[in-house]
Number of protein chains: 2
Amino acid sequence: MKNKTMYAVLGVLSLLGPMSGYDIKKFCDKSISYFWNENFGHLYPVLARLEADGLIERDTEAEDSRKKNYKITPKGVEVLKDWLTLPVEYQPERSELLLKLSFGTKMELEATLSMLEAARERNELKYKQLSSIHSYYLGNEEAKSKPQYPYWLVTLRYGINSLEASLKWFGETMEFLRSYESK
Amino acid sequence: MKNKTMYAVLGVLSLLGPMSGYDIKKFCDKSISYFWNENFGHLYPVLARLEADGLIERDTEAEDSRKKNYKITPKGVEVLKDWLTLPVEYQPERSELLLKLSFGTKMELEATLSMLEAARERNELKYKQLSSIHSYYLGNEEAKSKPQYPYWLVTLRYGINSLEASLKWFGETMEFLRSYESK
DNA sequence: CTAGTCATGTAACTCGTTACATGATTAG
DNA sequence: CTAATCATGTAACGAGTTACATGACTAG
């Protein structure tokens, strides 16, 4: 479980050019929060360390007084590329929803169902948000002209695809549990 | 991000009866690793604390010499049930695969594709494993007679359903990226 | 003038991982 | 006899979260 925040920072800076810590956080929240999240408490120390290690540096041009804009260095690019070619690390699964559900016999059916319903609604909301971004992308020539376009499109589709599958499961599962009980 | 290991322990003990730390770990690895994982370094201290707090206690009956068997106490059951009715906590997403993929322009297409292929193969293997457990369940009368049966079935289906969706996405995505490049 | 947002940071903390240590038992 | 597995633990560490502090600027 190595520090992945640093690679996220390097990647974002290499894709979008000089940015401040605050901007990086905003970008995460706004554009990639469905698959990546950062918080200030971790981000700022990582930025300091990346600068100390010479992987990023202050961008003196276009100084916005109170912002600390960083740009990636050639050394930073190298480190990023090395990481990109490494296989994706195995991440042990931990789903609180499924854990609770597997203890279903220890709670009331109604409680289980309302837990599922709450989770389903959250997913449905996310699904709608991602879908609307998706259709925006498909109809926007400027977005399409960017080199990142195909990659952003497929990540988006991953999110949409997963949510779609989960919504289907929620429906089937709630139906199944209700009918199983009433036998 | 409260300590969820303790609830996992309480739940497992309440479902399966007295067990040792070693057995709990084995159960996680064998039966629920597709949605929950534990490791000894965390598990043993948590067991000690749960005992100190009176949520579990040593089971003196059927002592297996070198095993420390724990059973859940009434207080432990209460704590478990309180937690079960709480809504599932929001878990910020962090997918290394999608992060890397979103930086796709910074690497060779071939490297991206082989990263995807490796991930796809892992998922396919898991998919086959879960599917075989699923069909075993459906044909096993003893499993069906247990009160947990409907809950274990639906968690299993969650795993299968997600993997199925991801496999579909992997196929489409690799195809899309290849054809996008060659234009 | 005041509330909110912009922007950067630090300190304390908790969770979970990794690596190591130990001793007992069992299989070949 | 030896290697593997059973079984329990500890120490050190690192990642990431939460809460707090600070100051500047901005909209009503």
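Chain naming here is simple, since letters A, B, ... match the order of the sequence lines and numbering starts at 1 in each.
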- Query: Counting side-chain heavy atoms from CB outward, which of dT10(D), dT8(C), dC25(D) is closest to K68(A)?
  - Reply: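 Nucleotide nearest to K68(A)'s side chain: dT8(C).
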[atom1] of [X] versus [atom2] of [N]: gap in Å, rounded?
{"X": "N3(B)", "N": "dT14(C)", "atom1": "CG", "atom2": "P", "result": "11 Å"}
{"X": "E93(A)", "N": "dG16(C)", "atom1": "CD", "atom2": "P", "result": "15 Å"}
{"X": "Y90(B)", "N": "dG16(D)", "atom1": "OH", "atom2": "P", "result": "14 Å"}
{"X": "H42(A)", "N": "dT10(C)", "atom1": "NE2", "atom2": "P", "result": "14 Å"}
{"X": "L47(B)", "N": "dA7(D)", "atom1": "CG", "atom2": "P", "result": "14 Å"}
{"X": "Y44(B)", "N": "dA7(D)", "atom1": "OH", "atom2": "P", "result": "8 Å"}
{"X": "F40(A)", "N": "dA21(D)", "atom1": "CZ", "atom2": "C1'", "result": "15 Å"}
{"X": "R66(A)", "N": "dT22(D)", "atom1": "CZ", "atom2": "P", "result": "19 Å"}

- Honestly curious: do W169(B) and L163(B) fall in one hydrophobic cluster under the side-chain, below-4.5 Å linking rule?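 Hydrophobic grouping puts W169(B) apart from L163(B).
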- Query: Is there any side-chain hydrogen bond (donor to acceptor under 3.5 Å, both in side chains) pair reaching into residues 97-113 of chain B, and which pairs are they, with sequence neighbours excluded?
  - Reply: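 For residues 97-113 of chain B: E96(B)-K100(B).
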Salt-bridge criterion met for [X] and [Y] (N-O under 4.0 Å):
{"X": "K67(B)", "Y": "D23(B)", "value": "yes"}
{"X": "R120(B)", "Y": "E124(B)", "value": "yes"}
{"X": "K75(A)", "Y": "E57(A)", "value": "no"}
{"X": "E121(B)", "Y": "K126(B)", "value": "no"}

- Query: Would you call the rings of Y44(B) and F40(B) parallel, tilted or perpendicular if under 30° counts as parallel and over 60° as perpendicular?
  - Reply: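 Judged by the thresholds at 30° and 60°, the geometry between Y44(B) and F40(B) is parallel.
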- Going by number, which of residues 4-38 of chain B have a non-hydrogen atom under 4.0 Å from DNA chain D?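 Within this stretch, S20(B), G21(B), Y22(B) sit under 4.0 Å of the strand.
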- Item | Min side-chain heavy-atom separation V9(A)-L47(A) under 4.5 Å |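 When only atoms from C-beta onward are counted, L47(A) and V9(A) do touch, with a gap below 4.5 Å.
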- Query: So, is R94(B) near the phosphate of dG16(D), with a side-chain N or O under 4.0 Å from OP1 or OP2?
  - Reply: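 It does, given that an N or O in the side chain of R94(B) lies less than 4.0 Å from OP1 or OP2 of dG16(D).
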- Does K67(A) have a side-chain nitrogen or oxygen under 4.0 Å from the phosphate oxygens OP1 or OP2 of dA7(C)?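 Looking at the OP1 and OP2 atoms of dA7(C), one of them is under 4.0 Å from a side-chain N or O of K67(A).
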- Message: What verdict does the side-chain contact (heavy atoms from CB on, under 4.5 Å) test give for H134(B) and L138(B), after you've listed the backbone C-alpha separation in whole Å, the side-chain angles of each residue and the deciding distance to 0.1 Å?
- Response: CA-CA 6 Å; H134(B) 187 246; L138(B) 292 178; 3.6 Å; yes
- Message: Between G41(A) and K2(A), which residue's closest nucleotide on DNA chain D lies nearer the 5′ terminus?
- Response: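 Its nucleotide being nearer the 5' end, the pick is K2(A).
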- Query: In terms of the nearest nucleotide of DNA chain D, which residue is placed more toward the 5' end: P45(B) or P92(B)?
  - Reply: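 Closer to the 5' end of DNA chain D: P45(B).
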- Secondary structure of DNA chain C in dot-bracket form (Watson-Crick or G-U wobble, distances below 3.5 Å, | marking inter-strand pairs): ||||||||||||||||||||||||||||
